[in-house]
Amino acid sequence: MDIKDFLKEFNRRCGFDFSDYSTNSISRRLSKICEEMGLSFEQILNMVVADKQLVQTIVEDITVNTTELFRDPSVWTAYAQLLPKHLPKQTMSTIWHIGCSKGLEVYSNLIIINELGLQDRCRVFGTDINPTVLENAQKGVYPYSFNKGYVDNFNTVMHSLNLNTPFEKYFSIDEQADTMTVSPTLRQQARFLPQDLVKDRAPFAYRVDVVFLRNVMIYFNEQLQNRVLSNVLEKMHDGALFIMGKQEDIPQAMKSRLLRQGPFYKKFK
Amino acid sequence: MATSQYKAIVIGGSAGSYAVVSKIVAALPPDFPLPVIICMHRLKHVRAGFVEALNDKSQLNVIEPYDKQPVERGNVYVAPANYHLFVEYDATLSLSIEEPHLFCRPAIDHTLSSAAKTWRDKLIGIILTGANKDGAQGLKDIADRGGYTIVQDPATADVPTMPRAALRLLQPSATLPPQGIIDFLKSIR
Ligand SMILES: C[S@@+](CC[C@H](N)C(=O)[O-])C[C@H]1O[C@@H](n2cnc3c(N)ncnc32)[C@H](O)[C@@H]1O
């Protein structure tokens with residue numbers, strides 16, 4: 001049985017459609033799963049109907065969920081400089097992080113929003129296919145010594161915005177337990193909800209002013225990118241900001257609908 | 001060397017390989033017939049200006065590729081900082097932020113192994129000086145599929161760990177000093 005057949009059958013039995021993910025990445029991750037579990041594609045398919053935990057594990061292992069606080073600091077600086085001008089003055093704005101993983105990108109954004117004093121004007125959603133990472137996002141607890149780079153990124157961004165804000169304003173560090181925990185204020189400002197971008201609509205009713213879709217579509221083929229992007233575009237206000245990963249580009253077919261503006265895109269009116 | 005035989009060159013090295021890499025990209029002629037893909041470990045702080053500096057030295061177009069960018073001659077692709085760089089079956093490049101491999105992101109093994117799957121015996125793989133064994137398995141994958149493999153002579157390497165690790169895993173087509181690698185590449189028509 002080849003990967004294509006496996007993914008098709010996995011979708012039929014479990015309702016997760018990975019058939020339009022990039023072949024290279026998915027085949028590497030699937031062979032790793034088979035190897036580690038000592039199971040063939042056929043054996044996995046025989047087990048998934050009864051074993052929901054196994055389905056969950058496979059979804060988690062297929063999708064890449066690494067993330068970082070203020071990944072690519074210069075992008076965040078540019079974002080912070082643009083945001084006050086971009087958001088409408090009179091109404092509440094909606095910001096959506098798609099594929100938010102463990103929430104660090106959402107918290108990066110909320111830190112900027114609080115530093116700019118915009119917290120009462122924004123609602124911020126983070127969505128992901130994987131309930132386990134969302135639980136982690138909600139709790140806001142992360143390993144500390146392994147992630148000291150977060151503090152460097154934080155300081156780089158604050159410094160470039162001429163702010164002296166200490167890391168401890170937003171995170172409490174427990175050296176003994178080797179954890180850092182997001183402040184209760186930030187946690188209350190974030191709303192994390194499950195959504196499978198391939199088949200579900202956005203899990204909220206608002207139109208969106210800013211979309212973060214970083215390092216998610218690099219795992220999709222171009223066909224799926226187009227499909228996903230047109231759904232996301234429908235949810236965005238004209239002129240809304242669209243932010244991808246540093247080395248990502250929108251697919252050719254979508255170039256007439258999103259205009260490049262420095263490191264970002266804007267939905268064409 | 002007769003050339004139409006090969007489709008691409010992949011090069012791996014760690015932080016100390018910058019000097020060798022910049023000599024290589026400076027030496028390649030503007031009509032060099034093969035695309036070059038370089039995966040280099042970088043020190044966290046040398047980010048800005050790194051690729052621009054290589055591009056200034058080279059007559060080829062040195063770039064950090066975007067996800068899904070096709071591989072074309074005339075270009076030298078350098079794995080972007082903090083991303084793994086893979087070659088897809090349709091000879092486009094793809095990026096991933098998945099876990100570091102042997103503490104490295106980008107990881108040379110990922111670039112070399114995926115390139116080996118795509119180009120098989122039509123690939124030239126080169127391992128340069130470096131302080132990590134990442135890259136050895138990737139070069140072996142190239143050798144196993146009949147590609148041409150070169151290891152920088154450990155005696156000429158600033159840090160010989162990487163070439164030595166490769167030599168432990170495979171017998172390369174050639175073991176060469178930096179100038180030998182450059183002469184070899186320039187002989188490709
Ligand atoms: C590499 S992480 C990126 C996290 C964050 N955006 C960043 O750049 O740091 C990719 C995330 O996309 C999520 N994802 C993958 N496929 C998805 C889908 N079909 N629907 C929703 N989320 C998905 C994964 O679960 C993972 O958490």
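Numbered from 1 within each chain, the chains take letters A, B, ... in sequence-line order.
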If we ignore angles and hydrogens, is there a donor and acceptor under 3.5 Å between the side chains of A:Y219 and B:S96? yes
What heavy-atom pair brings A:I218 and B:L95 nearest, and what distance separates the two atoms? CD1-O, 3.4 Å
Cation-pi geometry met for A:R71 and B:Y83 (6.0 Å, 45°): yes
To the closest 0.5 Å, what do you measure between CZ (A:R28) and OG (B:S113)? 9.5 Å
Audit row: A:Q225, B:K68, side-chain contact (heavy atoms from CB on, under 4.5 Å) steps and yes/no: CA-CA 11 Å; A:Q225 289 188 340; B:K68 303 204 176 8; 3.6 Å; yes
Does a sphere of radius 6.0 Å around CG in A:N164 hold more than 12 heavy atoms from other residues, nucleotides or ligands, not counting ones at 6.0 Å or beyond? no
State whether A:K32 and B:E98 are salt-bridged, where the test is any N-O pair (Lys NZ or Arg NE/NH1/NH2 against Asp/Glu carboxylate O) under 4.0 Å. no
Would you call B:D67 and A:Q247 a side-chain contact if the rule is heavy atoms closer than 4.5 Å? no
Interchain contact, A:N65 with chain B, by part (heavy-atom threshold 4.5 Å): neither
Other residues, nucleotides and ligands only: do more than 12 of their heavy atoms fall within 6.0 Å of NZ on A:K199? yes
Closest non-hydrogen contact found for A:V64 with B:I97 is CG1-C, 4.2 Å
Short question: side chain of A:T66, backbone of B:E99 - any donor-acceptor pair under 3.5 Å? no
Hey, does the side chain of A:N24 reach the backbone of B:F86 with a donor-acceptor pair shorter than 3.5 angstrom? no
Any chance NZ of B:K117 has more than 12 other-residue heavy atoms, nucleotides or ligands included, within less than 6.0 Å? yes
What's the separation between atom OG in A:S22 and atom OH in B:Y89, rounded to the nearest 0.5 Å? 12.0 Å
Within a radius of less than 6.0 Å around NZ of A:K255, do more than 12 heavy atoms belonging to other residues, nucleotides or ligands occur? yes
In plain terms, say whether A:E68 and B:R105 are close enough for a salt bridge, that is, a side-chain N and a carboxylate O under 4.0 Å apart. yes
